[in-house]
Every structure is written in C-alpha cells, then in structure tokens.
Amino acid sequence: MEQIVSAGIVDSYFKKLKENLSVDVAIVGGGPSGLVASYYLAKKGFKVALYESKLAPGGGMWGGAMMFNEIIVQKDALHILNELNISYTNYQGDYYTLDSVHATSALIYHATQAGVKIFNCSSIEDVVFQNNRVCGVVLNWASVRREKMHVDPLVIMAKAVVDGTGHDCDIVRTLERKNDVKLNTKTGKVMGEYSLSIDEAERTTVENTKEVYPGLYVSGMASNGVSGGFRMGPIFGGMLLSGEKLAGLIAENLSK
C-alpha cells in the first residue's frame, strides 16, 4: 500500500508537469483576476497553467476585509458571479455582499473544471526572453526561493505570460530590471501603485489590464502597480472584470 500511494502521487504529478512544459498561457499568481482569466481562456480551448506560490490560490480574496470574510462586488460584475453560481446579496444600491470563502472556492473549482492546471507551492523567478519577447517562465519551488537556496529551475514555454502577482507586480519588475526594456506605460517603466481610492481603482484596474510588453500581460492589482493606478481595498468587481477582459485580449491575440 505504501508503494502504491507514493508511486501514484509521483506518477500523476510528473505526468501533469510534463504535459504542461509548453502551454498557450502561463498565469503567475492565483488571485481572482488570474483565476477568472484562466477560466475563460480554458473555456475557449486554450491550454492554461496557473502558478501560485502559496498552498491555496485565491490571493487576498480569502480574508475579505481585515479577516471579516465578506467582500463587496458592484453590479457591473454580477454576470460573472451568475455564470459561476456564486451567491450574493444586495446591500445597497449597486453594491452586493458575498462570502469570500464561498466565492474564492467557486473561482478555483470552476477554473479547474474548465481545464486549468494549477501548480501551487510554485514560484516564477524569471521569464524566458527571446527575440525581444517574453515566451515562457522560469519555474522553481516557492520554498527554494524563500530560503534563497541556489537550486536551478525548470522552464515552461508559453505563447502568453500573465503577471497576476498583485501589488508587487513581480514578473514585470523582473523583466524590466534584468533586460532594460521599455514597457507599455506612460513612463516606459513600472510606475508603482498609488494609495487607496476605490472608484478610481475599480476603473483603472480594468483600464490598465493590457499587454505591457510583447508576450507579457498584466491583470488585477499588478495592472495598477505597473501603470500607476490606485489601490481599491476589499471590493472585487474590478478584479473579476480585469480577468474577463484579459482572457478576451489574449484569446484575440493568440488567434491572429
């Protein structure tokens, strides 16, 4: 029995890893925008892998606001909640409350049901950079990076890479720092995140969701961090809409 259990896990994991050494879309960060984008892309038939450094995807959505596990979503994003069978309650006007654990679980479930392969406890420490284009990611264990161990990584090739790493916008910063590139921003550089302004942030989260360098896209709070947008707090409509927009943009570009 011990041999069956160990062999079954090893064989299954390495089969999954080997089958995803080359993908259509590699999404770095399993927050709400990344999960929504992965769901819509997989539904369209694209091969999608999502890499999350923590045990569970979901980003800051799990904790709600200050560990009150409720979040707010505005009316504009309800069609996504409806499609994913996520329950919500009208609070006031165009604003709705929903249980953050229920919502986050649903995003993960529907993404994997659509065919997304999620690799948790994984860290992307660099990108593959060829012919002035991002064409893959450099993969290692999150614990290896955290402990600063000198262990060489593996490479995942991808037609499109998404930085969904949140406030840190870690992937875009790494590309900029190591390759002295000019980004698709007002300054050509990572502009950094401004302080909290909910209305502005909800608008710019979607507006700044784009391809910032050939092959490299941003979503969610990473999009505001790269392009100089505001922080929004525990309202998640913009995050969901960012993921939806991103999926459409990548699908259109990959289909050309």
Side-chain angles (χ1 to χ4, degrees), residues 16-17 20-42 46-61 104 107-108 111-112 115-130 133-146 153-179 181 183-184 190 193 205 208-227 239 242-247 249-250 253-254:
K16 179 167 60 177
L17 180 62
N20 288 276
L21 292 176
S22 178
V23 298
D24 293 320
V25 186
I27 298 178
V28 186
S33 67
L35 286 167
V36 170
S38 72
Y39 164 76
Y40 282 115
L41 285 163
F46 292 100
K47 187 176 182 181
V48 184
L50 186 150
Y51 303 91
E52 170 57 49
S53 62
K54 297 179 181 178
L55 275 174
M61 202 171 185
T104 311
L107 292 182
I108 297 168
T112 54
V116 179
K117 300 303 180 186
I118 296 179
F119 294 90
N120 60 337
C121 304
S122 298
S123 178
I124 301 303
E125 60 182 49
D126 203 348
V127 297
V128 181
F129 191 68
Q130 297 176 349
R133 183 179 182 86
V134 173
C135 50
V137 295
V138 180
L139 174 68
N140 217 322
W141 299 117
S143 55
V144 166
R145 192 176 188 188
R146 183 177 64 246
L154 294 174
V155 172
I156 308 295
M157 300 303 292
K159 298 173 185 175
V161 173
V162 177
D163 185 340
T165 61
H167 304 276
D168 296 333
C169 43
D170 186 51
I171 304 305
V172 180
R173 287 188 185 277
T174 298
L175 172 72
E176 178 191 51
R177 173 175 54 83
K178 299 186 76 171
N179 301 283
V181 298
L183 303 173
N184 178 22
V190 174
E193 178 187 297
T205 298
N208 292 328
T209 297
K210 60 187 177 182
E211 187 175 24
V212 294
Y213 194 81
L216 180 59
Y217 300 76
V218 289
S219 69
M221 277 313 304
S223 63
N224 276 347
V226 169
S227 292
M239 303 287 273
S242 170
E244 181 185 42
K245 176 186 175 180
L246 179 70
L249 179 62
I250 292 176
N253 288 345
L254 293 187

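Note that the structure is a prediction, hence the values are computed from the model and not measured.
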Within the side chain of Lys178, is there an N or O that forms a donor-acceptor pair under 3.5 Å with the backbone of Asp126?
-> no
Is the backbone N or O of Val226 less than 3.5 Å from a side-chain atom of Asn208, with the two atoms forming a donor-acceptor pair by type?
-> no
Is the backbone N or O of Phe46 less than 3.5 Å from a side-chain atom of Asp24, with the two atoms forming a donor-acceptor pair by type?
-> no
When Ser38 is tested against each of Val25, Ile118, Val162, Val116 for side-chain contact (heavy atoms from CB on, under 4.5 Å), which residue passes?
-> Val116
Looking only at atom types and distance, does a side-chain atom of Glu125 sit under 3.5 Å from a main-chain N or O of Asn140, one as donor and one as acceptor?
-> no
Side-chain donor-acceptor distances from residues 212-221 under 3.5 Å, at least two apart:
unit_1: Tyr217; atom_1: OH; unit_2: Asn253; atom_2: ND2; d: 2.9
unit_1: Ser219; atom_1: OG; unit_2: Ser33; atom_2: OG; d: 3.0

More than 12 heavy atoms of other residues, nucleotides or ligands under 6.0 Å from NZ of Lys47: is that the case?
-> yes
Atom of Gly29, atom of Glu52 and distance for their closest heavy-atom approach | C-OE1, 3.9 Å
Looking just at side-chain N and O atoms, do Asn224 and Thr205 make a donor-acceptor pair shorter than 3.5 Å?
-> yes
Backbone N/O of Leu249 and side chain of Lys210: donor-acceptor pair under 3.5 Å = no
Per the side-chain contact (heavy atoms from CB on, under 4.5 Å) rule, which among Val161, Val48, Leu41 passes with Ile250?
-> Leu41
Main-chain N/O of Thr209 paired to Lys245 side chain as donor or acceptor, under 3.5 Å | yes
